[in-house]
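Quick notes on the structure that follows.
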Amino acid sequence: MSAPLRRVWRPTPWLAAGAAVALAAGGLPLAWLAITAARDAPSLWAALVPARMLSLLANTTLLGIVVSLLAGGIGTLLGVLIAKTDLPCRSLFAVVLTFPLFLPPYIVALGWFSVLGRQGLLAAPLGPGAEVSASGFFFGLGGAVLVLTTAYTPIVVHLVRIALGSIDPAIEEAARLHFRWRRIVWRIDLPLVAPAVAFAMLITFVLVVGEFGVPAFLRYPVFSTEVFTQFAAFLNITAAVAMSLPLALLVLVGLGVERYLLRHRVRFLARVRAANGLRIHLERWRAVAGAAAWAWALLTVVVPLLGLVVRARGLANYAAAIRGAGASVARSVWMSATAATLMLVLGLLLAYLVERRGPKRHEALDTVLLLLFAAPGTVIGIGLILIWNRTGLTWLYGSAAIILVGYIGHFTPLAARAVGVGLRSLSPGIEEAARLARVPWGRALRRVLLPMVRPALAGAWFLAFIFCLRDLDLAVTIYPPGAETLPIRVYTLMANSPEPAIAALALLMVGLTAAVLCVAWGGLATFRAWNGR
């Protein structure tokens with residue numbers, strides 16, 4: 001490249017600055033945690049009581065495996081029904097099924113508690129003996145599996161749906177000449193989407209082993225609850241760091257599987273088609289399949305929310321919840337919006353760096369970003385405490401800014417992935433033409449690339465906003481006085497507030513999430529209508 005071209009096309013400083021900010025926010029706490037562990041290895045080893053550690057390891061691993069297997073099986077079946085069949089009201093079914101993914105999982109647990117608890121919806125119909133059995137099942141591994149399967153099955157559903165949309169219809173058309181649909185799905189479609197299913201199950205496993213709110217509420221001991229307990233209840237940073245290490249190891253194992261076994265096989269997002277013309281007509285089985293699918297959606301989504309409505313009882317509880325949580329709602333919204341906006345800028349720079357620079361840089365940075373998202377919020381929170389809880393840094397550590405730093409470090413990879421999907425759909429020749437025309441990189445980014453990836457940018461912003469809005473694990477570990485978000489308020493009041501008040505607060509969180517999703521849906525519909533003119 002000639003010297004004049006190099007002077008007008010210099011994205012490296014901007015890209016390097018974006019990567020530095022994102023990695024400092026999320027990577028530095030993890031690196032500092034590792035340094036602390038290496039520096040104080042004897043004390044940490046002493047804190048790892050073998051019997052306790054093995055018990056927590058077994059519980060955490062078992063929970064992750066069972067939930068990922070159930071979500072993989074159920075999600076694959078539902079994904080095929082949504083993507084390939086004429087299931088009644090498929091779009092609405094997908095929306096209802098996906099809604100729990102955007103809620104804090106412990107809100108889903110509260111909903112199930114209002115159904116299966118000793119004074120829940122099933123208490124009277126089941127009778128005293130069955131009521132005790134249902135409550136005993138719920139508080140433990142069974143309840144954790146039920147809640148987290150409900151919460152994370154949509155991940156498998158949508159990745160399977162997208163992967164099915166990437167299959168060339170010509171393959172199925174050729175197979176239709178000789179085989180029925182059942183054999184085509186079993187012998188062609190499912191093997192082709194198997195990497196997507198494995199990837200979705202791996203994501204589910206990583207999210208489950210790092211989950212804090214549900215195991216803590218259901219009193220099922222895992223590493224994430226032990227990390228928080230050692231820090232918050234006993235102020236034992238050494239023990240908290242010690243319990244973070246096996247949890248981090250589980251996440252690294254999952255990350256290694258993705259990097260070395262699935263990385264080159266999960267490329268379906270780049271091949272996804274606008275529409276897949278081939279559709280399986282269920283014919284006489286349509287009513288049966290529709291009834292079964294909707295029964296699942298109603299049982300896993302509507303019934304727990306209905307239980308919360310019944311538990312909340314009257315309007316007075318809703319009014320009290322709104323009065324008490326008004327500041328927390330406002331704080332959650334502005335902090336999530338601020339963090340999402342910052343993450344969108346950083347995500348754009350990181351996505352450009354991953355998708356448009358050299359392959360080695362792509363692989364290394366993509367691996368680090370995946371690690372930041374996969375790392376449990378409690379572990380990142382402990383790392384942030386180790387770094388920022390120092391004399392002279394209370395201006396950050398003692399303010400809401402520390403939560404913003406945590407959000408940026410933890411969830412920026414989501415924004416980067418979403419923007420990266422949009423960039424991957426554009427030909428690099430567009431930028432090459434701008435470069436040869438001596439258009440500065442910043443102007444080419446503003447005038448050419450950004451207008452072409454507006455849907456991906458909007459999706460990245462709302463995705464980042466929702467994940468910040470629903471976060472509990474990270475925020476509850478590091479929040480300072482006066483920086484309480486709505487998820488934190490609901491969680492901290494669960495132990496010592498009346499059940500109707502907690503149910504009303506939980507429904508306030510549900511309503512806030514639904515309102516955000518409605519705004520996002522309306523904005524997307526408006527954009528599509530405007531773009532289609």
Side-chain angles (χ1 to χ4, degrees), residues 68 71-87 90-102 151-172 184-186 188-207 258 261-280 293 297 347 351 354-355 366 369-370 373 413-426 453-460 462-464 466-467 517 520-521 524 527-528:
S68 60
I74 297 169
T76 300
L77 175 61
L78 295 176
V80 171
L81 287 175
I82 292 172
K84 300 299 296 182
T85 72
D86 58 346
L87 190 75
R90 288 181 301 116
S91 298
L92 180 61
F93 174 70
V95 171
V96 173
L97 194 68
T98 307
F99 186 64
L101 181 62
F102 299 111
Y152 291 129
T153 293
I155 295 176
V156 184
V157 171
H158 286 290
L159 285 180
V160 169
R161 180 183 61 82
I162 293 171
L164 287 169
S166 72
I167 297 175
D168 189 348
I171 299 175
E172 295 171 319
I184 293 172
V185 171
W186 184 255
I188 296 176
D189 290 339
L190 289 183
L192 288 175
V193 303
V197 176
F199 181 62
M201 292 174 63
L202 180 62
I203 292 175
T204 301
F205 176 83
V206 169
L207 291 175
E258 194 278 338
L261 296 181
L262 297 176
R263 175 178 51 184
H264 298 295
R265 302 182 65 192
V266 184
R267 299 297 186 189
F268 51 89
L269 285 176
R271 304 189 305 267
V272 68
R273 302 168 188 275
N276 195 335
L278 298 180
R279 187 75 58 194
I280 301 174
V354 169
E355 300 298 334
D366 196 44
L369 291 177
L370 186 60
F373 176 66
L414 275 178
R417 280 292 177 102
V419 177
V421 171
L423 286 177
R424 206 175 305 148
S425 66
L426 301 180
V453 295
R454 278 181 299 185
L457 293 174
F462 275 105
L463 190 64
I466 284 290
F467 268 78
L517 293 176
W521 185 273
L524 180 61
F527 175 81
R528 286 177 174 173

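Along the sequence shown, the residues carry numbers beginning at 1. The figures that follow rest on heavy atoms only: side chains count, while hydrogens, waters and symmetry mates do not.
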Exercise. Got L517 and I466 here, is their nearest side-chain heavy-atom distance under 4.5 Å?
Worked result: yes
Exercise. For T85, does its backbone N or O pair with a side-chain atom of R90 as donor and acceptor, under 3.5 Å?
Worked result: yes
Problem set entry | Taking every non-hydrogen atom, the tightest pair across L164 and G79 | CD1-O, 4.0 Å
Exercise. Could you walk me through whether V197 and V160 pass the side chain to side chain contact (heavy atoms under 4.5 Å, CB included) check?
Worked result: CA-CA 6 Å; V197 176; V160 169; 3.6 Å; yes
Exercise. Which heavy-atom pair separates T76 from G72 by the least distance, and what is that distance?
Worked result: OG1-O, 2.6 Å
Seminar exercise, completed: What one should report as the nearest heavy-atom pair of A456 and A418 is CB-O, 3.7 Å
Exercise. What are the two closest non-hydrogen atoms of A416 and A351, and how far apart are they?
Worked result: O-CB, 3.4 Å
Seminar exercise, completed: On a heavy-atom basis, the closest approach of A83 and R161 is CB-CG, 3.8 Å
For this session: Taking the side chain as every heavy atom from C-beta outward, state whether L78 and L97 have any pair of such atoms under 4.5 Å apart.
Result: yes
Problem set entry | From M201 atom CE to I155 atom CD1, the distance as rounded to the nearest 0.5 Å | 12.5 Å
Exercise. Roughly how far, to the nearest 0.5 Å, is the OH atom of Y152 from the CD1 atom of I74?
Worked result: 16.0 Å
Exercise. Just how far is it from atom OG1 of T204 to atom CZ of F199, taken to the nearest 0.5 Å?
Worked result: 10.0 Å
Problem set entry | Close side-chain approach of D189 and V80, heavy atoms under 4.5 Å | no
Exercise. Is there a side-chain contact between I203 and L159, using heavy atoms and a 4.5 Å cut-off?
Worked result: yes
Exercise. Would L207 and F373 satisfy side chain to side chain contact (heavy atoms under 4.5 Å, CB included), going step by step from the backbone distance to the final call?
Worked result: CA-CA 9 Å; L207 291 175; F373 176 66; 4.2 Å; yes
Problem set entry | Any side-chain heavy-atom pair of V96 and F93 under 4.5 Å | no
